[in-house]
Amino acid sequence: MRQHWEALRSGRGVTQPFLLPSRFAFVPVKLQPGPAVRWNGVPAQRLSMKLDRWYGFVAPTMELTYASEDRRLLEFAGIATIRDEEGRHQDVRIVFPQAATPADARALQGALATPLVRQCRG
């Protein structure tokens, strides 16, 4: 996305490979620029991402919102690689209200020591 920011901002669509971890493969997706918006007061650019194959019309479209100033992802809405209890991909909305901050060494060690679980409970 960052490599093609200027093309997208000028209104041109871009095809890019997108990693699908569940298939251990890249698939081509088409990024299409949408409107400039204000997202929680932040100037932003809305984009849509769709499978770029002849059968892509049956695949869901994902909506992405990026901050105009630093190009960070603010929101993702659509089908995710996160699966539910039956193993199906979930339709999600993920919001990133603040920029990522580096963790200190102590927090990193705590995260590394935390055991992983087979599934999340919500």
Side-chain angles (χ1 to χ4, degrees):
M1 209 308 289
R2 290 176 187 262
Q3 291 175 330
H4 302 291
W5 184 255
E6 294 308 319
L8 292 163
R9 290 285 299 214
S10 70
R12 294 191 317 258
V14 176
T15 297
Q16 264 303 111
F18 181 78
L19 178 62
L20 279 179
S22 61
R23 296 186 185 226
F24 300 107
F26 286 91
V27 295
V29 294
K30 180 85 172 189
L31 289 166
Q32 285 293 130
V37 297
R38 289 195 73 76
W39 186 91
N40 291 342
V42 175
Q45 178 69 44
R46 190 119 329 123
L47 305 168
S48 63
M49 184 171 72
K50 187 141 181 84
L51 182 63
D52 193 20
R53 295 275 197 221
W54 70 266
Y55 51 85
F57 67 93
V58 298
T61 299
M62 276 105 3
E63 298 295 327
L64 309 162
T65 305
Y66 283 87
S68 297
E69 185 177 317
D70 60 4
R71 303 176 192 173
R72 69 183 173 91
L73 182 60
L74 300 169
E75 183 176 331
F76 170 91
I79 297 296
T81 58
I82 302 166
R83 296 179 185 258
D84 64 14
E85 308 83 45
E86 284 88 43
R88 295 179 305 226
H89 293 281
Q90 296 182 71
D91 192 14
V92 301
R93 179 175 172 259
I94 303 170
V95 175
F96 305 94
Q98 298 175 342
T101 57
D104 61 31
R106 192 167 155 190
L108 181 58
Q109 288 303 318
L112 290 171
T114 303
L116 297 176
V117 295
R118 291 191 60 61
Q119 71 184 69
C120 296
R121 305 258 180 214

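- By the criterion of side-chain heavy atoms lying less than 4.5 angstrom apart, applied directly or through intervening Ile, Leu, Val, Met, Phe, Trp or Tyr residues, Trp54 is grouped together with Leu51 in one hydrophobic cluster.
- Using a 4.5 Å cut-off on side-chain heavy atoms (C-beta onward), Tyr66 and Leu73 make contact.
- Take Pro43 and apply the side chain to side chain contact (heavy atoms under 4.5 Å, CB included) test, not counting sequence neighbours, and it matches Arg38, Ser68.
- Between Ala7 and Ser10 the shortest heavy-atom distance is O-OG, 2.8 Å.
- Atoms OG1 and NE2, from Thr15 and His4 in turn, are 9.0 Å apart once rounded to the nearest 0.5 Å.
- Under the rule for a side chain to side chain contact (heavy atoms under 4.5 Å, CB included), Ala113 has no partner lying at least two apart in sequence or in another chain.
- Every residue two or more places apart in sequence or in another chain that forms a side chain to side chain contact (heavy atoms under 4.5 Å, CB included) with Leu19 is listed here: Pro21, Phe26.
- Scanning all heavy atoms of the two residues, the minimum distance from Ile79 to Phe76 falls at O-CZ, 3.5 Å.
- Atom CG in Leu8 sits 10.0 Å away from atom CG in Leu64 (nearest 0.5 Å).
- Listed by first and then second residue, the salt bridge (Lys or Arg N to Asp or Glu O under 4.0 Å) pairs that reach into residues 63-73 are Glu6-Arg71, Asp70-Arg72, sequence neighbours excluded.
- Under the 4.5 Å side-chain heavy-atom criterion for grouping Ile, Leu, Val, Met, Phe, Trp and Tyr, Val29 is connected to Ile94 within one hydrophobic cluster.
- Atom CD of Gln16 is separated from atom NZ of Lys30 by 11.0 Å, given to the nearest 0.5 angstrom.
- Pairs passing the salt bridge (Lys or Arg N to Asp or Glu O under 4.0 Å) check and including a residue from residues 91-103, sequence neighbours excluded, read Glu75-Arg93.
- Between Met62 and Gly78, the shortest heavy-atom distance links the atoms CG-CA, 3.9 Å.
- Listed by first and then second residue, the salt bridge (Lys or Arg N to Asp or Glu O under 4.0 Å) pairs that reach into residues 45-58 come to none, sequence neighbours excluded.
- Cluster membership check: Phe24 does not share its hydrophobic cluster with Val27, using side-chain heavy-atom separations under 4.5 Å among Ile, Leu, Val, Met, Phe, Trp and Tyr.
- To the nearest 0.5 Å, the span separating OG1 on Thr65 from CG on Leu47 amounts to 7.5 Å.
- Trp39 and Phe96 end up in different hydrophobic clusters when Ile, Leu, Val, Met, Phe, Trp and Tyr side chains are linked at under 4.5 Å.
- Hydrophobic cluster membership differs between Phe57 and Phe18, with clusters built from Ile, Leu, Val, Met, Phe, Trp and Tyr side chains linked at under 4.5 angstrom.
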